[in-house]
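Worksheet: one structure, shown below.
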Amino acid sequence: LKLTAVALEQELIGRQFGNYVAVRSFIRINSLEMRATRRILRRPGINTAKCAILVGGPDWPTSVTTGILKLNLLQMLLGTTPILPLIAASTAAGGMQLLKTKGDLYDSITVIVTFLSFLAQTASTLLAMYFIERTSTQYAAELAAEPPDEEVLAHDERQATPPPPLSPRPPREDASTTPPLSAGCLLKGAARRHQLVLRRRAAVAKGDDHRLGADARRRVLPLGGGHLL
């Protein structure tokens, strides 16, 4: 099951997503550390550094990264086989949990096997970090001389270039720049309304309010009286 997962993650995920420049840039494919990792994993067969990376590295990211780097699948499966004893030990530790009720011996065996599996996994992770650092230092000149991924270099340069500044927003139109027509209509309508009020009061005093009201509406509305509603 572990080797099947490695194959699927490498071929169906890593190798396919490795065609995207942004993905290769995300894993820093042109860095010395990634070049050192690729140099180690390209070694044929089983060796300590290669197995340390494939066994001690994070499960899913390691398999996907090997696919992005376009590494040979059979060689990656071969380098992952040392993890099988660790899987067997962890499985045995889980099985011992079912036998805890039969005695303290099985409980002790479970603790010991679990601790040894954890210790081996931690040691593999530390060894992977050590071998990558040693290779990137020991072969720094050769790794730097390797041809870089030109598409990733161009992508990184575009990302490093700051975006152009935004164009300034146009100033908001000041109220003083509005056409004077509406203000003039408003003042004219207010003056007419004031005159209407005075004339209505005079008409009420003379008893002629009805005729004056119709005449005032005809005069005020065309001159801006609508602004007063």
Side-chain angles (χ1 to χ4, degrees), residues 1-18 22-140 142-143 146:
L1 183 61
K2 167 64 177 178
L3 298 181
T4 302
V6 169
L8 294 177
E9 291 164 359
Q10 177 174 336
E11 295 300 316
L12 297 184
I13 301 177
R15 194 173 296 273
Q16 302 304 319
F17 278 88
V23 175
R24 300 200 302 273
S25 174
F26 177 75
I27 68 170
R28 300 176 64 243
I29 198 170
N30 289 327
S31 63
L32 282 180
E33 293 78 13
M34 190 56 64
R35 294 184 182 188
T37 301
R38 180 170 53 195
R39 185 187 184 96
I40 294 172
L41 295 178
R42 280 180 175 174
R43 297 172 184 171
I46 297 179
N47 57 78
T48 305
K50 180 179 179 179
C51 294
I53 294 176
L54 295 175
V55 174
D59 184 20
W60 187 85
T62 301
S63 300
V64 173
T65 301
T66 58
I68 296 174
L69 297 177
K70 311 297 184 184
L71 299 175
N72 184 269
L73 175 60
L74 295 180
Q75 289 295 325
M76 298 305 101
L77 294 176
L78 184 61
T80 310
T81 51
I83 201 175
L84 297 180
L86 296 179
I87 296 176
S90 300
T91 304
M96 291 294 177
Q97 296 289 335
L98 301 176
L99 302 176
K100 290 173 60 176
T101 57
K102 294 185 177 181
D104 295 336
L105 176 62
Y106 296 102
D107 190 14
S108 301
I109 294 176
T110 300
V111 174
I112 294 173
V113 172
T114 303
F115 174 75
L116 292 178
S117 299
F118 171 77
L119 189 62
Q121 185 69 34
T122 304
S124 299
T125 303
L126 295 177
L127 282 175
M129 297 171 61
Y130 165 74
F131 283 120
I132 292 174
E133 180 65 25
R134 190 184 72 171
T135 302
S136 61
T137 303
Q138 185 176 356
Y139 301 99
E142 298 180 17
L143 295 174
E146 292 182 1

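Only a predicted model underlies this, so the values are computations on that prediction, with no experimental measurement involved.
A donor-acceptor contact shorter than 3.5 Å links the side chain of Ser136 to the backbone of Glu133. A donor-acceptor contact shorter than 3.5 Å is absent between the side chain of Ser124 and the backbone of Gly56. With Ser63 contributing its side chain and Trp60 its backbone, the two residues share no donor-acceptor pair below 3.5 Å. Remark: side-chain polar atoms of Lys2 are not paired, donor with acceptor, to backbone N or O of Ile87 under 3.5 angstrom. Of the possible donor and acceptor atoms, none in the side chain of Glu33 sits under 3.5 Å from a partner among the backbone N and O of Ile132. Formation of a donor-acceptor pair under 3.5 Å by the Lys50 side chain with backbone atoms of Gln75 is found in this model.
How far CG of Leu143 is from OG1 of Thr135: 8.0 Å, rounded to the nearest 0.5 Å. Atom NZ in Lys70 sits 10.0 Å away from atom CD in Gln10 (nearest 0.5 Å). Remark: Thr80 OG1 to Ile46 CD1 distance equals 9.5 Å, nearest 0.5 Å. With values rounded to the nearest 0.5 angstrom, Asp59 atom CG is found 5.5 Å from Glu9 atom CD. A distance of 11.0 Å separates CG of Leu78 from CG of Leu73, quoted to the nearest 0.5 Å.
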Next item on the list: Could you walk me through whether Ile53 and Leu127 pass side-chain contact (heavy atoms from CB on, under 4.5 Å), step by step?
Entry: CA-CA 8 Å; Ile53 294 176; Leu127 282 175; over 6 Å; no
Next item on the list: In sequence, state the C-alpha distance, the side-chain angles, and the governing distance for Arg15 and Ile68, and then conclude on side-chain contact (heavy atoms from CB on, under 4.5 Å).
Entry: CA-CA 5 Å; Arg15 194 173 296 273; Ile68 296 174; over 6 Å; no
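With a 4.5 Å cut-off on side-chain heavy atoms, Arg24 and Met34 do not count as touching. In this structure, the side chains of Phe131 and Ile40 come closer than 4.5 Å at one or more pairs of heavy atoms. Using a 4.5 Å cut-off on side-chain heavy atoms (C-beta onward), Thr137 and Leu32 make no contact. Gln121 places none of its side-chain heavy atoms less than 4.5 Å from the side chain of Phe118. The shortest side-chain heavy-atom distance between Glu146 and Arg35 falls under the 4.5 Å cut-off. Between Leu8 and Thr4 the shortest side-chain heavy-atom distance falls below 4.5 Å. You'll find the side chain of Leu71 reaches within 4.5 Å of the side chain of Arg42, heavy atoms only.
Residue-environment remark: CZ (Arg43) exceeds the threshold of 12 foreign heavy atoms within 6.0 Å.
Scanning both residues, Gly79 and Cys51, for their nearest heavy atoms gives O-SG, 3.5 Å.
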